[in-house]
*Asks:* 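Encoded as structure tokens, here's the structure I'll be asking about.
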Amino acid sequence: MTIQLHDTMAGAARELMPLEPGNVRIYSCGPTVYGPAHVGNFRSFLFADLLVRYLRYRGLRVTWVMNITDVDDKIIKGARAEGVTIGEISERYREGFLADIKTLGMTVPDVMPRATEHIPQMVELIGKLLERGNAYRTDDGSIFFRIASWPAYGRLARIDPEGMRVGERVEADEYGKDDVRDFAVWKGPKPDEPSWETAIGPGRPGWHIECSAMSMAYLGPSFDIHTGGIDLVFPHHQDEIAQSEAATGKTFVAYWLHCAHLQMGGQKMAKSTGNIARVGEVLGRGISPRALRLALISAHYRMALSFGDDSLQAASSAIDRLDALLAALAAYVSDGPDDATLSTLLDGTRRAFETALDDDLNISPALAAVFELVRELNRRIDARALSTSDARHAIGFVRDLDRVLGIAPVVVESLAPDLQKLVDERAAARTARDFAASDRLRTVLAERGILVEDTRDGQRWRRAE
RNA sequence: GGCGACGUACCCAAGUGGUUAAGGGGGAGGUCUGCAAAACCUCUAUUCAGCGGUUCGAUCCCGCUCGUCGCCUCCA
């Protein structure tokens with residue numbers, strides 16, 4: 001079975017064939033750290049995470065790079081407003097981003113390069129573009145990419161450069177452009193903006209150049225996969241292709257993957273629209289990180305996804321269901337023989353799971369396979385059809401699939417001694433049929449985040465999240 | 001205006017030219033149970049925006065209409 005991925009450039013799914021067999025090199029457009037990222041941003045980051053996790057699950061080696069954009073107009077504006085350096089602003093939100101990554105169980109990219117630490121690489125790239133005549137200087141020291149010098153311009157987004165609607169607003173520093181559609185690779189110095197002294201003159205990088213320079217610095221002039229939100233197709237990724245390929249003469253990226261927008265209130269979640277939710281806020285409403293993660297990855301990445309109280313509640317309930325199963329399997333004890341049908345069930349589940357994800361990361365049928373397994377295992381638990389080792393084996397199986405999903409609870413070996421004492425006391429109270437005491441202890445434990453449930457196997461507990 | 005995507009039950013969301021249209025959530029009833037919770041069982045779309053066409057047969061293919069959303073400007 002092969003892995004199919006929908007390539008924006010081809011406009012169709014293509015079989016993944018790594019340029020270097022067995023090693024997939026991926027670059028994902030990361031955050032611009034001018035403020036806290038919202039969950040819409042995280043949809044695209046978690047989509048890349050899912051891709052990386054699945055490829056690794058399938059045995060491929062993956063090198064994953066995600067940039068941190070730490071110099072741009074918004075950061076400069078924010079720094080000016082607070083009277084601090086752009087470094088203070090960007091570092092503050094970079095740290096917040098790293099914290100959110102951890103909260104959401106996102107794989108940490110292998111490299112997270114910062115734009116300000118790669119000015120030399122950008123300068124070198126721009127130098128090549130100047131040499132080759134693909135870029136030109138203007139009076140204010142800015143350097144622009146000449147779209148007319150790159151015939152393939154517009155292909156990624158299927159946009160005809162001739163038909164491009166030209167915005168009404170043309171920034172003051174862009175009046176010198178030969179063509180209004182040309183884009184800045186380098187912005188000339190301004191008195192109140194950060195500036196670098198370089199071989200191509202003083203100034204700061206344009207928006208797109210950092211991604212070209214940093215991706216090629218870590219992954220080479222040609223690499224496998226580039227991901228981002230669909231809103232980056234044009235102009236950002238189109239411009240990356242133009243400037244990268246013009247400079248190297250090589251194909252920049254083999255597969256372009258773009259995820260659709262997260263929607264809230266029927267519209268794209270965007271700071272400018274105001275319909276945003278942030279990780280911290282959602283968690284503050286009592287939603288668990290895993291439920292938030294599930295809500296953000298639960299639909300195919302190329303489909304618009306609705307986000308809101310309903311989707312979060314549904315995800316929370318689904319997470320509870322998974323947690324309850326794992327707790328039940330962990331508590332399960334039976335002297336009976338192994339279940340002869342178990343391996344067939346698990347094999348079928350794995351097959352369905354992989355078939356779905358092989359098909360352009362089609363997560364819905366993959367999740368369906370997991371939850372059908374949940375029901376089947378619960379059935380067997382109820383029927384006491386499993387052996388004790390079956391139950392442990394099933395836990396291992398679910399956790400193996402969860403390497404891709406990242407929604408299972410972290411393994412908890414033991415409770416804090418005081419909590420364990422309460423759990424033991426309650427078990428004793430139940431044995432003594434002192435229901436008043438056991439009910440009281442159940443309430444106490446619930447207040448401390450431990451849910452106890454009584455079953456034929458006795459009392460079992462799990463964490464409420 | 002140009003380009004593109006989508007419209008499946010109460011909500012979210014898969015799917016296939018023809019057997020029972022996944023899964024999650026919610027709702028109703030039942031079983032189990034000291035209670036609670038969890039779990040299991042049954043039910044909850046004769047129907048896939050509307051209208052035409054192709055076909056023996058279409059939700060799935062084609063066309064049109066309506067609706068929603070996105071990109072063309074910063075944007076995940």
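Convention: sequence-line order gives letters A, B, ...; per-chain numbering from 1.
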*Asks:* Quick one: side-chain hydrogen bond (donor to acceptor under 3.5 Å, both in side chains) pairs with a partner in residues 312-334 of chain A, sequence neighbours left out?
*Replies:* A:Arg290-A:Asp323
*Asks:* Is the CZ atom of A:Arg351 crowded by more than 12 outside heavy atoms at less than 6.0 Å?
*Replies:* no
*Asks:* Between A:Ala328 and A:His208, which has a closest nucleotide on RNA chain B that is more 5'?
*Replies:*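 In this pair, the answer is A:Ala328.
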*Asks:* Using modelled atom types and a 3.5 Å cut-off, is there a donor and acceptor pairing between side-chain atoms of A:Asp359 and backbone atoms of A:Asn362?
*Replies:*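 Here the side-chain-to-backbone pair does not exist.
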*Asks:* Could a donor-acceptor pair under 3.5 angstrom be found where the side chain of A:Arg433 meets the base of B:rG34?
*Replies:*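 There is none.
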*Asks:* Compute whether any side-chain donor of one residue and acceptor of the other, for A:Arg14 and A:Gln4, lie under 3.5 angstrom apart.
*Replies:* no
*Asks:* For A:Asp382, does its backbone N or O pair with a side-chain atom of A:Arg456 as donor and acceptor, under 3.5 Å?
*Replies:* yes
*Asks:* Is any side-chain N or O of A:Asp310 under 3.5 Å from a base N or O of B:rG26, one able to act as donor and the other as acceptor?
*Replies:* no
*Asks:* Please figure out whether A:Gln313 or A:Ala436 has its closest RNA chain B nucleotide nearer the 5' end.
*Replies:*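 Its nearest nucleotide lies further toward 5', so the answer is A:Gln313.
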*Asks:* Could you work out which one of B:rA36, B:rA38, B:rA14 sits closest to the side chain of A:Arg442?
*Replies:* B:rA36
*Asks:* Are there more than 12 heavy atoms of other residues, nucleotides or ligands under 6.0 Å from atom CZ of A:Arg285?
*Replies:* yes
*Asks:* Quick check on contacts: within residues 295-306 of chain A, what sits under 4.0 Å from RNA chain B by heavy-atom distance?
*Replies:*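 Listed by number, they are A:Ala299, A:His300, A:Met303, A:Ala304, A:Leu305, A:Ser306.
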*Asks:* Sub-3.5 Å donor-acceptor pair from the side chain of A:Ser195 to the main-chain atoms of A:Gly203, do we have one?
*Replies:* yes
*Asks:* Identify which nucleotide among B:rA76, B:rA39, B:rG26 has an atom closest to any side-chain atom of A:Asp382, counting heavy atoms from C-beta outward.
*Replies:* B:rA39
*Asks:* Quick one: does any side-chain atom of A:Arg302 pair with a main-chain N or O of A:Cys259 as donor and acceptor, under 3.5 Å?
*Replies:*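 Side chain of A:Arg302 to backbone of A:Cys259: no pair is present.
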*Asks:* Could you list by number each residue of residues 365-380 of chain A showing a heavy-atom separation from RNA chain B of less than 4.0 Å, or answer none if no residue does?
*Replies:*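 Heavy-atom cutoff 4.0 Å gives A:Pro365, A:Ala368, A:Phe371, A:Glu372, A:Arg375, A:Asn378, A:Arg379.
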*Asks:* Taking the side chain from A:Asp49 and the backbone from A:Thr107, do they hold a donor-acceptor pair closer than 3.5 Å?
*Replies:*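 Flag set: sc A:Asp49 to bb A:Thr107 pair under 3.5 Å.
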*Asks:* For RNA chain B, what is the dot-bracket line, given that a base pair needs Watson-Crick (N1 to N3, plus N6-O4 or O6-N4) or G-U wobble (N1-O2 and O6-N3) geometry with both distances under 3.5 Å, and | means paired with another strand?
*Replies:* (((((((..(((.....[....)))((((((.......))))))....(((((..]....))))))))))))....
*Asks:* Does the base of B:rC74 carry an N or O that pairs as donor and acceptor with the side chain of A:Asp72 under 3.5 Å?
*Replies:* no
*Asks:* Determine: side-chain N/O of A:Lys271 to OP1/OP2 of B:rC74, distance under 4.0 Å, yes or no.
*Replies:* no
*Asks:* Mind checking what makes salt bridge (Lys or Arg N to Asp or Glu O under 4.0 Å) contact with A:Asp347, not counting sequence neighbours?
*Replies:* none
*Asks:* Identify which nucleotide among B:rC35, B:rA38, B:rA14 has an atom closest to any side-chain atom of A:Glu453, counting heavy atoms from C-beta outward.
*Replies:*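 Taking heavy atoms from C-beta onward, the closest nucleotide is B:rA38.
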*Asks:* Of the listed nucleotides (B:rC35, B:rC71, B:rC3), which one gets closest to any side-chain atom of A:Arg158?
*Replies:* B:rC3
*Asks:* Mind checking A:Asn362 for me? I need base, sugar-phosphate or nothing, with any heavy atom below 4.0 Å counting as a touch.
*Replies:* sugar-phosphate
*Asks:* Does a side-chain N or O from A:Arg321 land closer than 4.0 Å to OP1 or OP2 of B:rA39, or not?
*Replies:* yes
*Asks:* Taking atom types as they are modelled, is there a donor-acceptor pair under 3.5 Å from the base of B:rA76 to the side chain of A:Arg43?
*Replies:* no
*Asks:* Reckon A:Gly308 touches a base, only the sugar-phosphate, or nothing at all at heavy-atom distances under 4.0 Å?
*Replies:*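 No contact at all - A:Gly308 keeps every heavy atom at 4.0 Å or more from the nucleic acid.
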*Asks:* Please list all pairs passing the salt bridge (Lys or Arg N to Asp or Glu O under 4.0 Å) test where one or both residues lie in residues 253-274 of chain A, with sequence neighbours left out.
*Replies:*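 Output for this query lists A:Asp231-A:Lys268.
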